[in-house]
Asker: 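Okay, here's the structure, questions in a sec.
Here, residue 1 is the first one in the sequence, and each next residue gets the next number.
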Amino acid sequence: MSSIRTLQDYPKAMREEVQRVREVVAGLHAELPRYELVVWTAGNVSQRVRHPDAADGSKDLFVIKPSGVSYDELTAESMVVCTLDGQLLDGTRAPSSDTAAHAYTYEHMPHVGGVVHTHSTYATAWAARGEPIPCVLTMMADEFGGPIPVGPFAVIGDDSIGRGIVTTLSGSRSPAVLMANHGPFTIGADARAAVKAAVMCEEVARTVHISLQLGEPTPIGSSHIDSLYERYQNVYGQ
């Protein structure tokens, strides 16, 4: 990774894209309290900004919320820009405390364009138990391609959480992982897709929890999961 520079050292087209992504990420943060996925200042959304001259992603940046700022105070201008080693490149406030996890995920999963972290109640309850959410709903087969896996326990402050995310999701079709004793992280082609995954993760976590109160839910067979996932990912929608 090259030494830290200013945003002005990047191509004009990339600087313009950073501004666009700042607006996108600021707007998407409003979806987290809307769907009751966060409380107070917890949680964060980020999106990658790809460098036009580095196909390997080594010069990419990402936009993320600043640390400890309430959701109703977030604006495009308050978003911060970081390099893929988690260093602040542009912004007037310190980046989210989860920045290292986002950075590690982007650096080691080049296809990922968006990362979201929440402490949504039901998904976090599954994470507290260290238990994957079983695939007992067609919605889960569609969105997650199987169970939602559990990642290892890791402390905040370095790339430990990021390593757990990458290790767990690299062999999974799921865009969500429940980091043990912490909460869900989701990934996507962009930040909007990662927010959708976070919303759907909480929905199925809640529904499966309720199902377990009524009795033992019926698992979906692997061949049906594969069929549902293929249809939803490649045929469903516009």
Asker: Return yes if some donor-acceptor pair links the side-chain N/O of S211 with the main-chain N/O of T207 below 3.5 Å, else return no.
Answerer: no

Asker: What are the two closest non-hydrogen atoms of I148 and M140, and how far apart are they?
Answerer: CG1-CE, 3.9 Å

Asker: Could you work out, with side chain to side chain donor-acceptor pair (under 3.5 Å) as the rule, every residue matching D190, not counting sequence neighbours?
Answerer: none

Asker: May I ask you to decide if A191's main-chain N or O and Q47's side chain share a donor-acceptor pair within less than 3.5 Å?
Answerer: yes

Asker: Determine whether F62 and T83 make a side-chain contact, defined as any pair of heavy atoms from C-beta on separated by less than 4.5 Å.
Answerer: no

Asker: Are V199 and L178 in one and the same hydrophobic cluster, where Ile, Leu, Val, Met, Phe, Trp and Tyr link if side-chain heavy atoms are under 4.5 Å apart?
Answerer: no

Asker: Which heavy atom in N44 sits nearest to a heavy atom in S96, and how many Å separate them?
Answerer: ND2-OG, 3.1 Å

Asker: Give me the atom names and distance for the closest heavy-atom approach of S58 to D56.
Answerer: OG-OD1, 2.8 Å

Asker: Test question: given the 4.5 Å side-chain rule for I, L, V, M, F, W and Y, name all other residues clustered with V39, or answer none.
Answerer: none

Asker: Measuring from R93:CZ to L88:CG, what's the distance to the nearest 0.5 Å?
Answerer: 12.5 Å

Asker: Under 3.5 Å, is there a donor-acceptor pair between the side chain of S78 and the main chain of T75?
Answerer: yes

Asker: Once you round to the nearest 0.5 Å, how far does CE of M200 lie from OG1 of T186?
Answerer: 12.0 Å

Asker: V24 and L7: same hydrophobic cluster, using ILVMFWY side-chain contacts below 4.5 Å?
Answerer: yes

Asker: Decide yes or no for W126 and V208: does some side-chain heavy atom of the first lie under 4.5 Å from some side-chain heavy atom of the second?
Answerer: yes

Asker: Which heavy atom of D53 sits nearest a heavy atom of P11, and at what distance?
Answerer: OD2-CG, 4.4 Å

Asker: Should F153 and H182 count as side-chain neighbours, where that means a heavy-atom distance under 4.5 Å?
Answerer: no

Asker: P95 and C82: which non-hydrogen atoms are nearest, and at how many Å?
Answerer: CB-SG, 3.9 Å

Asker: Decide side chain to side chain contact (heavy atoms under 4.5 Å, CB included) for D142 and Y236; before the verdict, give the C-alpha distance in whole Å, the side-chain angles of both, and the deciding distance to 0.1 Å.
Answerer: CA-CA 10 Å; D142 290 344; Y236 176 81; over 6 Å; no

Asker: Hey, what do you get for SG (C201) to OH (Y122), rounding to the nearest 0.5 Å?
Answerer: 14.0 Å

Asker: Backbone N or O of S223 within a donor-acceptor pair of the S227 side chain at under 3.5 Å?
Answerer: no

Asker: State the OG1-CZ distance between T168 and R163, to the nearest 0.5 angstrom.
Answerer: 12.0 Å

Asker: Shortest non-hydrogen contact from P52 to M14?
Answerer: CD-SD, 4.1 Å

Asker: Partners of N181 by side chain to side chain donor-acceptor pair (under 3.5 Å), sequence neighbours excluded?
Answerer: none

Asker: Are K65 and Y71 in a cation-pi setup, meaning NZ or CZ lies under 6.0 angstrom from the ring centre and within 45 degrees of the ring axis?
Answerer: yes

Asker: Determine whether V80 and I64 make a side-chain contact, defined as any pair of heavy atoms from C-beta on separated by less than 4.5 Å.
Answerer: yes

Asker: Applying side chain to side chain donor-acceptor pair (under 3.5 Å) as the test, list every pair that has at least one member in residues 21-36; sequence neighbours left out.
Answerer: Q19-E23, R22-D90, E31-R34

Asker: Can V150 be reached from L137 by stepping across I, L, V, M, F, W or Y side chains whose heavy atoms are under 4.5 Å apart?
Answerer: yes

Asker: Aromatic rings H119 and H117: how do their planes relate, parallel, tilted or perpendicular, breaks at 30° and 60°?
Answerer: perpendicular

Asker: Counting neighbours of CE on M139 that are heavy atoms of other residues, nucleotides or ligands and sit closer than 6.0 Å, is the number greater than 12?
Answerer: no

Asker: So F185 and V116, do their side chains get closer than 4.5 Å, heavy atoms only?
Answerer: no

Asker: Do P147 and I133 touch side chain to side chain, with heavy atoms closer than 4.5 Å?
Answerer: no

Asker: Judged by atom type as modelled, is there a donor-acceptor pair below 3.5 Å linking the side chain of E17 to the main-chain atoms of V49?
Answerer: no

Asker: Who pairs with R173 by side chain to side chain donor-acceptor pair (under 3.5 Å), at least two apart in sequence or on another chain?
Answerer: D226

Asker: If you apply the rule side chain to side chain contact (heavy atoms under 4.5 Å, CB included), what do you find for L89 with Y10, and how did you get there?
Answerer: CA-CA 11 Å; L89 182 72; Y10 285 79; 3.6 Å; yes

Asker: So do the side chains of K196 and R192 get within less than 4.5 Å of each other, counting heavy atoms only?
Answerer: no

Asker: Within this structure, what is the OH-CZ distance for the pair Y232 and F144, rounded to the nearest 0.5 Å?
Answerer: 9.5 Å

Asker: Mind checking what makes side chain to side chain donor-acceptor pair (under 3.5 Å) contact with R206, not counting sequence neighbours?
Answerer: E203

Asker: Count the heavy atoms of every other residue, nucleotide or ligand shown that sit under 6.0 Å from CZ of R231, and state whether that count exceeds 12.
Answerer: yes

Asker: Any side-chain heavy atom of R48 within less than 4.5 Å of one from L84?
Answerer: yes

Asker: Applying a strict under-4.5 Å side-chain criterion to I, L, V, M, F, W and Y, I'd like to know whether V25 and L74 cluster together.
Answerer: yes

Asker: Distance check, rounded to the nearest 0.5 Å: D159 atom CG versus T105 atom OG1?
Answerer: 9.5 Å

Asker: Group every Ile, Leu, Val, Met, Phe, Trp and Tyr by side-chain heavy-atom contacts under 4.5 Å, then state whether V21 and L32 land in the same group.
Answerer: yes

Asker: Say whether S46 and Y106, considering side chains only, have a donor N or O and an acceptor N or O under 3.5 Å apart.
Answerer: yes

